[in-house]
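Here's the structure we're looking at; comments come further down.
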Amino acid sequence: MEDKKLLILNSQQIQQKIDRIAYQILEDNFEEKEIIIAGMLPRGGFLAARLKKVLDEIAPFKSTLLTLDLDRFSSSLNAKIDFDIEICNDKAVILVDDVLNSGKSLAYGFGVFLDVPLKNCVP
């Protein structure tokens, strides 16, 4: 039996989607001096890095890339972060993951920032 592969988007179409998301982030945060892009590992980290690359080319603000490593199978928030959470104070945070199914991962991702005074936090 032959394995059939379904191509949903080719590489050019994926880049167009990433470019469009980056432009939407730019439009929503145009007056900011710095935004935080928090990629949820593993695949959200790759997507966040690609978004940062486009934003670095088109945006007047600084974008800082951070990563969150969440235990997605835990019933409580268990997260490893590679940064001091205080650097997010009074900044816009873009939380990036590769898929949205139940929303549990994004809820846990938001949980990391609950005690931080943010300007804006967007999934």
Side-chain angles (χ1 to χ4, degrees):
M1 181 179 251
E2 186 177 320
D3 288 335
K4 290 186 178 183
K5 294 184 180 182
L6 176 64
L7 179 64
I8 297 172
L9 297 172
N10 64 33
S11 61
Q12 179 184 4
Q13 292 168 319
I14 292 169
Q15 189 59 51
Q16 287 172 335
K17 301 291 183 196
I18 291 170
D19 290 347
R20 181 62 200 120
I21 293 168
Y23 275 98
Q24 187 65 51
I25 292 169
L26 171 60
E27 290 169 14
D28 292 344
N29 297 283
F30 189 77
E31 294 181 3
E32 298 297 327
K33 292 180 180 162
E34 179 182 7
I35 66 164
I36 305 294
I37 304 170
M40 297 174 57
L41 296 177
R43 292 176 302 272
F46 295 125
L47 181 55
R50 289 182 72 174
L51 281 169
K52 182 186 181 335
K53 182 178 178 184
V54 175
L55 284 167
D56 286 347
E57 295 172 4
I58 65 170
F61 51 73
K62 176 184 174 188
S63 60
T64 301
L65 180 63
L66 310 174
T67 59
L68 305 173
D69 191 3
L70 303 174
D71 181 355
R72 298 169 196 255
F73 302 106
S74 174
S75 60
S76 62
L77 176 60
N78 294 321
K80 295 176 191 167
I81 56 176
D82 67 347
F83 55 93
D84 179 8
I85 197 74
E86 299 295 319
I87 69 169
C88 300
N89 285 353
D90 298 317
K91 294 195 176 77
V93 174
I94 311 299
L95 191 57
V96 181
D97 202 4
D98 64 332
V99 295
L100 175 62
N101 288 327
S102 68
K104 183 178 174 182
S105 294
L106 282 176
Y108 281 2
F110 279 128
V112 170
F113 300 99
L114 279 179
D115 295 329
V116 180
L118 302 175
K119 266 192 171 177
N120 193 8
C121 191
V122 180

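Basis for what follows: all heavy atoms, side chains included, without hydrogens, waters or symmetry-related copies.
- Using a 4.5 Å heavy-atom cutoff, the side chains of Val96 and Ile21 are not in contact.
- Rounding to the nearest 0.5 Å places CG of Leu70 at 11.0 Å from NZ of Lys80.
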(request) I would like to know whether Ile94 and Leu51 meet side-chain contact (heavy atoms from CB on, under 4.5 Å); could you show each step before the answer? (result) CA-CA 10 Å; Ile94 311 299; Leu51 281 169; 5.5 Å; no
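- Here Asp97 contributes atom CG and Arg43 contributes atom CZ; the two are 8.0 Å apart, rounded to the nearest 0.5 Å.
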Show the atom names and distances, to 0.1 Å, of all donor-acceptor pairs under 3.5 Å that link a side chain in residues 4-13 to residues at least two apart or in another chain.
from, atom 1, to, atom 2, distance (Å)
Asn10, OD1, Gln12, N, 3.0
Asn10, OD1, Gln13, N, 2.8
Gln13, OE1, Asn10, N, 2.8

(request) Assess whether side-chain hydrogen bond (donor to acceptor under 3.5 Å, both in side chains) is satisfied between Arg20 and Gln16, documenting all intermediate values. (result) CA-CA 6 Å; Arg20 181 62 200 120; Gln16 287 172 335; over 6 Å; no
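- Across Gly39 and Ala48, no two heavy atoms sit closer than the pair CA-CB, 3.6 Å.
- Expressed to the nearest 0.5 Å, how far OG1 of Thr64 lies from NZ of Lys52 amounts to 6.5 Å.
- Across all non-hydrogen atoms, the minimal contact from Ile36 to Glu34 is CD1-OE2, 4.0 Å.
- Listed by chain and number, the residues in a side chain to side chain donor-acceptor pair (under 3.5 Å) with Asn89 are Glu86 (sequence neighbours excluded).
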(message) The test is side-chain contact (heavy atoms from CB on, under 4.5 Å); show your working for Ile25 and Ile37 and say whether it passes.
(response) CA-CA 10 Å; Ile25 292 169; Ile37 304 170; 5.9 Å; no
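- Residues Ser63 and Leu55 share a closest heavy-atom pair of OG-CB, 4.4 Å.
- Annotation: Phe46, atom CZ; neighbour count of heavy atoms from other residues, nucleotides and ligands within 6.0 Å does not exceed 12.
- In this structure, OG1 in Thr67 is found 4.5 Å from CG in Leu41, a value given to the nearest 0.5 Å.
- Of the inter-residue distances, the one linking Lys62 atom NZ with Glu32 atom CD reads 14.0 Å to the nearest 0.5 angstrom.
- Between Val54 and Ala22 the shortest heavy-atom distance is CG1-CB, 3.5 Å.
- When all heavy atoms of Phe61 and Leu26 are compared, the closest pair comes out as CE2-CD1, 3.8 Å.
- Counting non-hydrogen atoms of neighbouring residues, nucleotides and ligands closer than 6.0 angstrom, the CD atom of Glu57 exceeds 12 such neighbours.
- Scanning for side chain to side chain donor-acceptor pair (under 3.5 Å) contacts around Gln15 gives Asp19, Arg50, with sequence neighbours left out.
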(message) Please determine whether side-chain contact (heavy atoms from CB on, under 4.5 Å) holds for the pair Leu68 and Phe113, giving the CA-CA distance in whole Å, both sets of side-chain angles, and the decisive distance to 0.1 Å.
(response) CA-CA 11 Å; Leu68 305 173; Phe113 300 99; 4.1 Å; yes
